[in-house]
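Down below is the structure, laid out as structure tokens.
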Amino acid sequence: RTTMVTNAFLFGTDNYWFQYKDNPCNGHGVSLKAGNPEQLEKLTGVSRFDVLTKGISRVNSLSPTYVSIVYGPDYRNNLLELVTLAMECGAKGISIDFCRGFVNNGSIDDSSTGTYKEIVEDFVRDYDELNRITGGNVSIQMSMPFCVWPADFVQKLINRRQATSVCHVI
């Protein structure tokens with residue numbers, strides 16, 4: 001069994017796609033980096049958004065998958081745009097992990113990721129619409145401490161079986 005995790009860009013090119021279709025992997029994972037052409041160019045230096053969306057659609061035509069998004073400062077104001085794009089490209093659902101600060105000289109540096117408070121506020125704001133767009137097909141990797149989230153929000157995720165965590169409490 002072989003699974004490929006990709007940004008799906010190469011699948012948007014005909015030569016690669018037609019060769020790949022003859023010998024595909026058993027499973028696929030797609031990591032989405034941008035929700036619009038401007039964001040793609042800013043984050044990757046690539047301007048072929050049409051090739052990217054074509055590639056994501058092609059991967060999902062083989063076997064619909066959960067598209068992964070690492071939620072951080074670049075997506076805090078357009079998460080729903082990324083989610084909508086993934087679903088329009090045939091995704092089965094969305095898997096979200098959170099970009100977090102790192103230890104730098106003995107202290108937490110969240111200058112490039114946003115504070116827990118900012119991430120939580122923005123994500124909770126968008127969650128109900130995200131859940132609606134995906135038809136509830138959301139997997140949220142609860143990699144930030146549960147104590148930074150509103151308790152009723154965590155309970156909602158648990159009740160909907162949308163939260164995964166390394167914590168044994170769930």
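All values below were derived from every heavy atom in this structure, side-chain atoms included, with hydrogens, water molecules and symmetry-related copies excluded.
For the pair Phe123 and Phe153, the minimum side-chain heavy-atom distance is below 4.5 Å. Taking 4.5 Å as the limit, every side-chain heavy atom of Asn7 sits out of range of all side-chain heavy atoms of Val30. A heavy-atom distance below 4.5 Å is found between the side chains of Val154 and Ile158. Residues Ser139 and Thr164 form a side-chain contact, since some pair of their non-hydrogen atoms from C-beta on lies under 4.5 Å apart.
Hydrophobic clustering of Ile, Leu, Val, Met, Phe, Trp and Tyr side chains at less than 4.5 Å, counting indirect connections, unites Leu157 with Val138. One hydrophobic cluster, built from ILVMFWY side chains closer than 4.5 Å, holds both Val67 and Leu43. Both Ile140 and Leu79 belong to a common hydrophobic cluster when Ile, Leu, Val, Met, Phe, Trp and Tyr are linked at side-chain heavy-atom distances under 4.5 angstrom. In this structure, Val70 is not a member of the same hydrophobic cluster as Phe98, with clusters built from ILVMFWY side-chain heavy atoms closer than 4.5 Å. Linking ILVMFWY residues whenever their side-chain heavy atoms come closer than 4.5 Å, directly or via other members, places Val148 and Ile96 in the same cluster.
For the residue pair Ser143 and Asp97, a side-chain donor N or O sits within less than 3.5 Å of a side-chain acceptor on the partner. Neither side chain, Asn137 nor Gln162, offers a donor N or O lying under 3.5 Å from an acceptor on the other.
Here the side chain of Asn78 pairs no donor or acceptor atom with the backbone of Glu81 at under 3.5 angstrom. With hydrogens and angles disregarded, a donor-acceptor distance shorter than 3.5 Å links the side chain of Asn26 to the backbone of Thr2. Side-chain atoms of Asn60 come within 3.5 Å of backbone N or O of Thr65 as a donor-acceptor pair. For the pair Gln39 (side chain) and Gly35 (backbone), a donor-acceptor distance under 3.5 Å is present.
Scanning all heavy atoms of the two residues, the minimum distance from Arg48 to Phe9 falls at O-CE1, 3.4 Å. The shortest non-hydrogen separation linking Ala163 to Met142 is CB-CG, 3.7 Å. Scanning all heavy atoms of the two residues, the minimum distance from Lys33 to Tyr75 falls at O-OH, 2.6 Å. Minimum heavy-atom separation, Arg76 to Arg125: O-NH2, 2.9 Å. Minimum heavy-atom separation, Gly12 to Lys54: O-CD, 3.6 Å.
For residues 21-50, the ring-ring contact (aromatic ring centres under 6.0 Å, His included) pairs, not counting sequence neighbours, are Tyr20-His28.
Separating the CD atom in Gln141 from the OG atom in Ser95 is a distance of 4.0 Å, to the nearest 0.5 Å. The distance from atom CZ of Phe11 to atom CD1 of Ile56, rounded to the nearest 0.5 Å, is 11.0 Å. With rounding to the nearest 0.5 angstrom, the CG atom of Leu130 is 7.5 Å from the CG atom of Asp126. A distance of 11.0 Å separates OG of Ser47 from CD of Glu38, quoted to the nearest 0.5 Å.
For Arg132, the salt bridge (Lys or Arg N to Asp or Glu O under 4.0 Å) partners are Glu129, not counting sequence neighbours.
In this structure, Arg58 forms a cation-pi arrangement with Phe18, its terminal cationic atom sitting closer than 6.0 Å to the ring centre and no more than 45° off the ring axis.
Ion pairing between a basic and an acidic side chain is recognised when a charged N comes within 4.0 Å of a carboxylate O; Lys117 and Glu121 show such pairing.
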Taking only distance into account, with no hydrogens and no angle test, what donor-acceptor pairs under 3.5 Å do side-chain atoms of residues 84-94 form with protein atoms, sequence neighbours excluded?
unit_1: Thr84; atom_1: OG1; unit_2: Leu80; atom_2: O; d: 2.8

